[in-house]
Amino acid sequence: MKNRAYLVIVILSVALILLALISIAAGSVKYPLSSIILALFSPEKVPSTLAYIIRNLRLPRTLTALLAGSALAFCGLIFQTVFRNPMADSYVLGISSGASAFIGVGMLTGLMSLTAPVIPFYAFLGSFVTTLFLFLTGRKNPSTLLLTGIALNFFLSAVTTLTIYLGKRQLDSILFWTMGSVSSTTWQRTAVLFFVCVFIVIFSSRSTSALDVLLTDDSTAISSGLNVKRFRIYLLLLSSAITAIVVSFCGVIGFIGLMSPHFARILCGPRHKRLIWASMILGSDILLFSDILSRFILSPSELPIGLVTSLLGAPVFFILLKRRKKL
């Protein structure tokens with residue numbers, strides 16, 4: 001299984017490189033591959049317009065999709081580990097919707113604008129409040145966690161819809177958060193997501209054993225020396241913050257955190273030492289593939305990337321739900 005897991009990670013990494021190249025080349029205007037390579041590495045040798053499109057529009061978009069996919073997959077894996085539920089995900093449980101709803105309320109009340117630096121704070125507040133509610137509910141009765149999350153998702157989506165209806169002047173801005181997009185990213189946002197993923201890598205390299213222990217029952221985890229309560233709270237805070245950052249920059253993108261850990265677990269096994277890396281790379285693959293599809297399906301127009309991931313992820317959710325009912 002170990003050798004197979006590493007082989008899977010290598011294959012997923014090669015697929016990621018190919019998808020990144022396709023993403024950079026994809027667009028309403030087609031350029032030769034040689035021109036794209038020159039624009040990336042020798043921009044002075046190509047027209048300034050081409051260099052700008054490749055280096056300031058397509059490249060940050062590709063990197064944002066790559067990094068956001070990794071971050072969402074990591075959050076999904078963490079939620080599944082904390083709640084011991086393979087169907088847990090920041091989107092399914094309503095955590096992303098909580099972040100989106102708080103952003104919508106902030107915009108509606110005039111407390112912030114689309115470019116306001118407080119957007120991540122509102123997103124974190126919404127995601128953390130939702131996560132805390134789920135944690136307090138699921139701790140006493142884990143079997144109701146999924147239903148509670150779905151109910152919260154409906155409620156918070158309704159709140160966001162209400163803000164759209166009441167805030168017609170900011171309709172485009174609020175709609176962005178509900179459908180998800182990486183088309184309007186900037187190098188500054190890409191840099192923030194990069195440092196988020198660096199932190200995830202550092203955290204993961206030190207915490208894989210503790211995450212494995214957390215999947216066992218509480219008495220076993222405590223006997224191994226793990227402070228279960230503190231570690232869970234830390235994981236929930238971390239995942240809420242990462243979810244908030246991704247929602248702030250990219251809007252609500254669903255099912256990445258559900259699909260990636262699920263398929264990575266099938267391919268690499270349950271050990272977090274390899275599962276985390278496989279999940280994150282697969283999350284990048286799925287989001288990049290979805291972004292490419294969003295540009296091709298209705299070309300030259302674009303579909304919201306959140307719509308594409310939902311179309312891909314909903315069948316996976318139904319399959320998992322059906323399997324869970326059989327157990």
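This chain uses plain numbering: 1 for the first residue, then up along the sequence. Only a predicted model underlies this, so the values are computations on that prediction, with no experimental measurement involved. Side-chain atoms are counted along with the backbone in the values below, which use heavy atoms only and exclude waters and symmetry mates.
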Return the minimal non-hydrogen interatomic distance between G98 and T130, and the atom names on each side. CA-OG1, 3.6 Å
Under 6.0 Å from the CZ atom of R271, do we count more than 12 heavy atoms belonging to anything else shown? no
Between CD1 of I11 and CD1 of I281, what distance do you get to the nearest 0.5 Å? 11.5 Å
Closer than 3.5 angstrom, by distance alone: can the side chain of S100 be matched with the main-chain N or O of S96 as a donor-acceptor pair? no
Working note: Y234 + F203, criterion side chain to side chain contact (heavy atoms under 4.5 Å, CB included); need CA distance, chi angles, decisive distance, verdict. CA-CA 11 Å; Y234 173 71; F203 165 81; 3.3 Å; yes
Which heavy atom of L93 sits nearest a heavy atom of L152, and at what distance? O-CB, 4.2 Å
Testing the 3.5 Å rule here: is there a donor-acceptor pair between the side chains of D212 and S209? no
Is a side-chain N or O of S260 found less than 3.5 angstrom from the main chain of G257, in a donor-acceptor match? no
Should V213 and T220 count as side-chain neighbours, where that means a heavy-atom distance under 4.5 Å? no
S224 side chain to A221 backbone, donor-acceptor under 3.5 Å: yes
I9 and A278: which non-hydrogen atoms are nearest, and at how many Å? CG1-CB, 4.1 Å
Please report the closest heavy-atom contact between I103 and A123, naming both atoms and the distance. CD1-CB, 3.8 Å
Closest non-hydrogen atom pair between I292 and L19, with its separation: CD1-O, 3.6 Å
Working for side chain to side chain contact (heavy atoms under 4.5 Å, CB included), residues N56 and W187: CA-CA 8 Å; N56 294 293; W187 276 113; 3.6 Å; yes
What's the spacing between T309 OG1 and L258 CG if we round to 0.5 Å? 11.0 Å
Checking L132 against L236 for the side chain to side chain contact (heavy atoms under 4.5 Å, CB included) test, could you report, in this order, the C-alpha distance in whole Å, the side-chain angles of both residues, the deciding distance, and whether it holds? CA-CA 8 Å; L132 181 63; L236 292 175; over 6 Å; no
Is it the case that atom CZ in F155 sees more than 12 heavy atoms from other parts of the structure closer than 6.0 Å? no
Could you tell me which residues satisfy ring-ring contact (aromatic ring centres under 6.0 Å, His included) with F124, sequence neighbours excluded, listed by chain and number? F128
Just by modelled atom types, is the L214 backbone N or O under 3.5 Å from a matching donor or acceptor in the R84 side chain? yes
Let me see the working for F255 and I286 under side chain to side chain contact (heavy atoms under 4.5 Å, CB included), right down to the final yes or no. CA-CA 10 Å; F255 292 108; I286 294 174; over 6 Å; no
Rounded at 0.5 Å granularity, tell me how far CG in L134 sits from CD1 in I95. 5.5 Å
Would you say that L282 contacts F263 through its side chain, given a criterion of any heavy-atom pair below 4.5 Å between the two side chains? yes
Pairwise side-chain contact, F79 with T243, heavy-atom cut-off 4.5 Å (strictly under): yes
Quick one: side chains of residues 61-78, donor-acceptor pairs under 3.5 Å with protein atoms, not counting sequence neighbours, listed by atom name and distance.
unit_1	atom_1	unit_2	atom_2	d
R61	NE	D291	OD1	3.3
R61	NE	D291	OD2	3.1
R61	NH1	E302	OE1	3.4
R61	NH1	E302	OE2	3.1
R61	NH2	D291	OD1	2.8
R61	NH2	E302	OE1	2.9
T62	OG1	S23	OG	2.7
T62	OG1	R58	O	2.9
T64	OG1	P60	O	2.8
T64	OG1	T185	OG1	2.8
T64	OG1	T190	OG1	2.9
S70	OG	L66	O	3.3
S70	OG	M280	O	3.1
S70	OG	S284	OG	2.5

Determine whether a donor-acceptor pair (N or O, by modelled atom type, separation under 3.5 Å) exists between the side chain of S207 and the backbone of S204. no
Taking atom CZ as the centre, does F231 end up with more than 12 heavy-atom neighbours from other residues, nucleotides or ligands that are less than 6.0 angstrom away? yes
Mind checking whether P304 and S181 have side chains closer than 4.5 Å, heavy atoms only? no
Taking every heavy atom of P270 against every heavy atom of R265, the minimum-distance pair comes out as CA-CG, 4.3 Å
Without hydrogens or angle criteria, can the side chains of S240 and T131 be said to hold a donor-acceptor pair below 3.5 Å? yes
Would you check if F249 and L193 make a side-chain contact, meaning some heavy-atom pair closer than 4.5 Å? yes
Between F194 and F199, is a ring-ring contact (aromatic ring centres under 6.0 Å, His included) present by the stated rule, with each step listed? CA-CA 9 Å; F194 173 77; F199 177 82; over 10 Å; no
Which donor-acceptor pairs under 3.5 Å do the side chains of residues 33-49 make with protein atoms, sequence neighbours left out?
none

